[in-house]
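Take a look at the structure set out below.
Throughout, protein chains are lettered first and strands after them, A, B, ... in sequence-line order, and every chain is numbered starting at 1.
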Protein chains: 2
Amino acid sequence: MQTIEELLESKNIRVTAMRLLIYKFLAEKDVAVTLSDIENAFEKADRTTLYRTVKTFEEKDIVHQIDDGTGITKYALCEKGCNCEIETDLHLHFHCNNCKETVCLTEHKIPQIKVPDGFVSENVNLVVKGICDKCSGQ
Amino acid sequence: MQTIEELLESKNIRVTAMRLLIYKFLAEKDVAVTLSDIENAFEKADRTTLYRTVKTFEEKDIVHQIDDGTGITKYALCEKGCNCEIETDLHLHFHCNNCKETVCLTEHKIPQIKVPDGFVSENVNLVVKGICDKCSGQ
DNA sequence: CAGTAATTGCACTTCCATTGCATTGATAAT
DNA sequence: ATTATCAATGCAATGGAAGTGCAATTACTG
Ligand SMILES: [Mn+2]
Ligand SMILES: [Mn+2]
Ligand SMILES: [Zn+2]
Ligand SMILES: [Zn+2]
């Protein structure tokens, strides 16, 4: 089991207090978060730093970005052993119309989507909207 | 075959010159358009008017909104006989990474997506990205 | 203990979406 | 036809999120 420090180093990211804090914050959330969410959690830190930290994580395939259709970019930690480097995010995302939270359904891979002749599919963004398990009352 | 005027009236939208023009503009495009696209096509008109016209069309299920992940909202006419009122947009959308255009693949319906127990799927947004037929050279 | 490079904070910018309000225009009632 | 009423339009302004330039700070290297 590698520590967060080791993980960051393995991706050539310098370990800083800020980065450790943000990583831990993301790790303990089970939903995707917006930059504002992070901002609210670290009021003392500057928004730009949080922004750039997340971007760094994204570039190094530690987090992935989620566009759930709300117009606000969300972020979530990549699962261990994901292949973000190779292809984008194969799992699907669920956005709850009730609590407005977005979760990664990492076990649910995106099915093969057929496109018409002449079209070449490179990647797919799939967001299911509805009522999440917490809101459906089981 | 009903005229545009008749269509608008059937949806309880007052017929105005602006609305007819914008409808025709959308009708002759085979790709989804941004508000800026419309703005460029009607330089004399105010941006707000164009915005509100499109929003009106959207409310009345004449156009549907597309979030293709570019961060800019796009719009396209609903197909005749679509069921926007009942459920959202069952067809998939394709965004070309080369020409940056987004098209409705109205013939390609979104497959049934399985979600975990406790989750209720209400609708699905599916955007495929890649190379479109025009850009793939056939 | 320098010297260097990366990180952080602050200020500012850009872009798109959205709203308030005054004006214009169309429709309906008298 | 005239007026009252309500919707549509135009203009100005706002808000929110993403992104950038630069200076100050902090961490690493020799
Ligand atoms: Mn995810
Ligand atoms: Mn469409
Ligand atoms: Zn929920
Ligand atoms: Zn193309």
- Using a cut-off of 4.0 Å on non-hydrogen atoms, how would the nucleic acid contact of Thr73(A) be classed: base, sugar-phosphate, or nothing? sugar-phosphate
- Task: Any chance you could measure Leu8(A), atom CG, to Thr56(A), atom OG1, to the nearest 0.5 Å?
- Result: 10.5 Å
- Message: Just checking His108(A) against His93(A), ring centres under 6.0 Å apart?
- Response: no
- 5'-most contact on DNA chain C: Tyr75(B) or Thr49(A), nearest heavy atom basis? Thr49(A)
- For Lys55(B), which contact category applies under a 4.0 Å heavy-atom criterion: base, sugar-phosphate, or nothing? sugar-phosphate
- Check the pair Asn125(A) / Leu126(B) against side chain to side chain contact (heavy atoms under 4.5 Å, CB included), numbers first and verdict last. CA-CA 6 Å; Asn125(A) 182 36; Leu126(B) 200 163; over 6 Å; no
- Message: For Lys74(B) and Val33(B): C-alpha separation, side-chain torsions, deciding distance, then whether side chain to side chain contact (heavy atoms under 4.5 Å, CB included) applies.
- Response: CA-CA 5 Å; Lys74(B) 295 185 179 167; Val33(B) 300; over 6 Å; no
- Task: Please check if any side-chain donor atom of His91(A) sits under 3.5 Å from a side-chain acceptor atom of Thr106(A), or the reverse.
- Result: no
- Note on the structure: Bounded by its outermost nucleotides with an atom under 4.0 Å from a heavy atom of chain A, the footprint on DNA chain C reads dA6(C) to dA11(C)
- Give one of base, sugar-phosphate or nothing for Thr16(A), where a contact means two heavy atoms less than 4.0 Å apart. sugar-phosphate
- Straight-line distance of Arg52(B) CZ to Thr49(B) OG1, nearest 0.5 Å: 7.0 Å
- Query: Between which nucleotides of DNA chain D, 5' to 3', does chain A make heavy-atom contacts below 4.0 Å?
  - Reply: dA17(D) to dC22(D)
- Task: Look at all strands and tell whether Arg19(B) reaches a base, only sugar-phosphate, or nothing, counting heavy atoms closer than 4.0 Å.
- Result: sugar-phosphate
- Query: Base, sugar-phosphate alone, or nothing: which one does Arg52(B) contact when heavy atoms must sit under 4.0 Å apart?
  - Reply: base
- Do Lys24(A) and Glu5(A) sit within salt-bridge range, that is, some charged N less than 4.0 Å from a carboxylate O? no
- Note on the structure: DNA chain D nearest-nucleotide lookup for Leu50(B) and Arg14(B): closer to the 5′ end is Arg14(B)
- Query: Is it true that Phe25(A) and Phe42(A) have ring centroids separated by less than 6.0 Å?
  - Reply: yes
